[in-house]
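Counting from 1, the numbers follow the sequence of the chain as shown. Atoms considered below: every heavy atom in the structure, side chains included; atoms not considered: hydrogens, waters and symmetry mates.
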Amino acid sequence: MPYEPPTHTVERSLRATTGAKVIAGVDEVGRGAWAGPVTVCAAITGLRRPPAGLTDSKLLTLKRRTELEVELRAWVTSYALGHASPEEIDTLGMTAALRLAAVRALETLPVRPEAVILDGKHDYLGTPWRVRTVIKGDQSCVAVAAASVLAKVQRDKMMAELGLDHADFGFADNAGYPSPVHKAALAERGPTPHHRLSWAYLDALPQWRHLKKVRSWVDGSAPEIEGQLGFDF
């Protein structure tokens with residue numbers, strides 16, 4: 001399906017309105033997975049012409065995404081990855097875990113960004129970061145698209161490595177997301193050390209339901225369920 005290539009429009013706008021010169025595009029992967037970390041990439045690209053075919057990683061074939069990731073690592077000005085573990089997701093909730101992973105990525109960059117373009121409509125970063133949220137930024141903004149591809153390929157590699165000791169779960173193919181193979185292995189063997197144990201899928205697994213972690217909501221807020229797919233869908 002044809003798509004419009006990403007541009008530097010948002011970055012130029014930020015430069016003009018805020019005076020920021022160093023701007024990072026930020027995107028995440030793994031929010032809806034049942035296993036593995038949530039991974040955030042922060043990429044700084046400047047205003048140079050991007051590699052041909054750059055877009056949201058989800059729109060690319062595995063072959064093209066893998067090829068493009070190699071090109072991007074050499075092309076971007078700098079990039080860094082941050083992760084929040086399943087244990088941190090269970091303890092903090094997804095919003096706080098995303099922020100933790102994003103801050104880890106941003107603070108690992110060799111130069112601190114003066115502004116951030118964040119994919120989506122919710123600013124999970126907050127102060128002290130100067131943030132511009134962009135819905136479908138991974139399709140429209142060069143730096144966010146680059147972060148999308150880098151995050152996806154790197155997390156997929158990580159999940160394939162984690163899956164070496166858990167072959168029945170198919171992590172190399174599903175990256176920790178629910179798939180028939182993954183669901184069947186969960187029902188038979190129960191969660192691995194890499195699974196998120198506070199998530200709703202355990203409610204449908206009577207044999208393993210006792211492993212579910214429940215966070216206490218001392219501030220009176222409701223549990224975060226965004227991205228938590230149940231076992232039947």
Please test Glu88 against Arg104 for salt bridge (charged side-chain N to carboxylate O under 4.0 Å, His left out), starting from the C-alpha separation and ending with a verdict. CA-CA 13 Å; Glu88 289 169 329; Arg104 284 169 173 167; 2.9 Å; yes
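- With values rounded to the nearest 0.5 angstrom, Leu54 atom CG is found 5.5 Å from Leu72 atom CG.
- Electrostatic pairing of Glu11 and Arg132 does not count as a salt bridge here, judged by no charged N lying under 4.0 Å from a carboxylate O.
- At a threshold of 4.5 Å between non-hydrogen side-chain atoms, the residues Asp27 and Cys41 do not count as touching.
- The backbone N or O of Arg48 lies less than 3.5 Å from a partner atom in the side chain of His8, making a donor-acceptor pair.
- For the pair Arg196 and Trp34, the cation-pi test (distance below 6.0 Å, angle within 45°) is failed.
- A distance of 11.0 Å separates CD of Glu87 from CG of Leu92, quoted to the nearest 0.5 Å.
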Take Lys63 and Glu67 through the test salt bridge (charged side-chain N to carboxylate O under 4.0 Å, His left out) and record every step on the way to the result. CA-CA 6 Å; Lys63 180 176 184 295; Glu67 294 171 345; 2.6 Å; yes
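- For the side-chain contact (heavy atoms from CB on, under 4.5 Å) test, residues two or more places apart in sequence or in another chain that qualify with Pro37 are Thr39, His83, Arg155, Met158, Met159.
- The minimum heavy-atom distance linking Pro113 with Leu106 is given by the pair CG-CD2, 3.8 Å.
- His166 and Phe169 have perpendicular rings, their planes meeting at more than 60° on a 0 to 90° scale where under 30° would count as parallel.
- By the 30° and 60° cut-offs, the orientation of the rings of Phe171 relative to His195 is tilted.
- Across every non-hydrogen atom of Ala105 and Gly82, the tightest pair is CB-N, 3.5 Å.
- At least one side-chain heavy atom of Ser140 sits under 4.5 Å from a side-chain heavy atom of Val134.
- Atom-to-atom distance recorded for Asp173:CG and His182:NE2 is 12.0 Å, nearest 0.5 angstrom.
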Between Thr133 and Val131, does the side-chain contact (heavy atoms from CB on, under 4.5 Å) criterion hold? Intermediate values first, please. CA-CA 6 Å; Thr133 58; Val131 175; 4.0 Å; yes
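- Of all heavy-atom pairs between Gly32 and Tyr177, the closest is C-CE2, 3.7 Å.
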Check the pair Glu69, Arg65 against salt bridge (charged side-chain N to carboxylate O under 4.0 Å, His left out), reporting the backbone distance first and the verdict last. CA-CA 6 Å; Glu69 190 264 350; Arg65 187 167 61 234; over 6 Å; no
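- With a 6.0 Å radius and a threshold of 12 heavy atoms from other residues, nucleotides or ligands, Arg64 has its CZ atom above the threshold.
- Under a hydrophobic-cluster definition in which Ile, Leu, Val, Met, Phe, Trp and Tyr are linked whenever side-chain heavy atoms come within less than 4.5 Å, directly or via other members, Met94 and Leu125 are assigned to the same cluster.
- Judged by distance alone, the side chain of Asp90 and the main-chain N or O of Ser198 form a donor-acceptor pair under 3.5 Å.
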For side-chain contact (heavy atoms from CB on, under 4.5 Å), just list the numbers for Val22 and Arg112, CA-CA rounded to whole Å, side-chain angles, deciding distance to a tenth of an Å, and then say yes or no. CA-CA 8 Å; Val22 181; Arg112 184 182 177 90; over 6 Å; no
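- No cation-pi contact links Arg189 to Trp208, judged by a cut-off of 6.0 Å to the six-membered ring centre and 45° from its axis.
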In sequence, state the C-alpha distance, the side-chain angles, and the governing distance for Lys136 and Asp56, and then conclude on salt bridge (charged side-chain N to carboxylate O under 4.0 Å, His left out). CA-CA 8 Å; Lys136 294 188 177 180; Asp56 171 14; over 6 Å; no
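- Counting only N and O atoms by type, the side chains of Asp138 and Ser148 include no donor and acceptor under 3.5 Å apart.
- Checking Gln139 against Glu4 by side-chain atom types alone, no donor-acceptor pair falls below 3.5 Å.
- Sorted pairs that involve residues 11-31 and meet ring-ring contact (aromatic ring centres under 6.0 Å, His included), not counting sequence neighbours, are lacking altogether.
- Note: the hydrophobic cluster containing Ile44 also contains Val103 (ILVMFWY, side chain heavy atoms under 4.5 Å, direct or indirect links).
- Of all heavy-atom pairs between Leu60 and Val149, the closest is CD1-CG2, 3.9 Å.
- Nearest heavy atoms, Val10 versus Cys141: CG2-SG, 3.6 Å.
- Taking each heavy atom of Leu202 and Leu197 in turn, the nearest pair found is CD1-O, 3.5 Å.
- Once rounded to the nearest 0.5 Å, the distance linking CG of Leu62 with OG of Ser57 reads 11.0 Å.
- In this structure, Ile23 CD1 and Thr77 OG1 are separated by 11.5 Å, a value rounded to the nearest 0.5 Å.
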Under the side-chain contact (heavy atoms from CB on, under 4.5 Å) rule, what do Trp129 and Arg99 come out as? Steps first, then yes or no, please. CA-CA 11 Å; Trp129 304 95; Arg99 186 178 195 278; 4.3 Å; yes
Given the rule in the side-chain contact (heavy atoms from CB on, under 4.5 Å) test, do Val40 and Val26 qualify, once you have shown the distances and angles that lead to the verdict? CA-CA 7 Å; Val40 174; Val26 170; 3.5 Å; yes
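- Results of the side chain to side chain contact (heavy atoms under 4.5 Å, CB included) test with Val142 over Ile117, Thr55, Thr45, Val76 single out Thr45 as the only residue that passes.
- Looking only at side-chain heavy atoms (C-beta outward), Glu114 and Thr18 stay at 4.5 Å or farther from each other.
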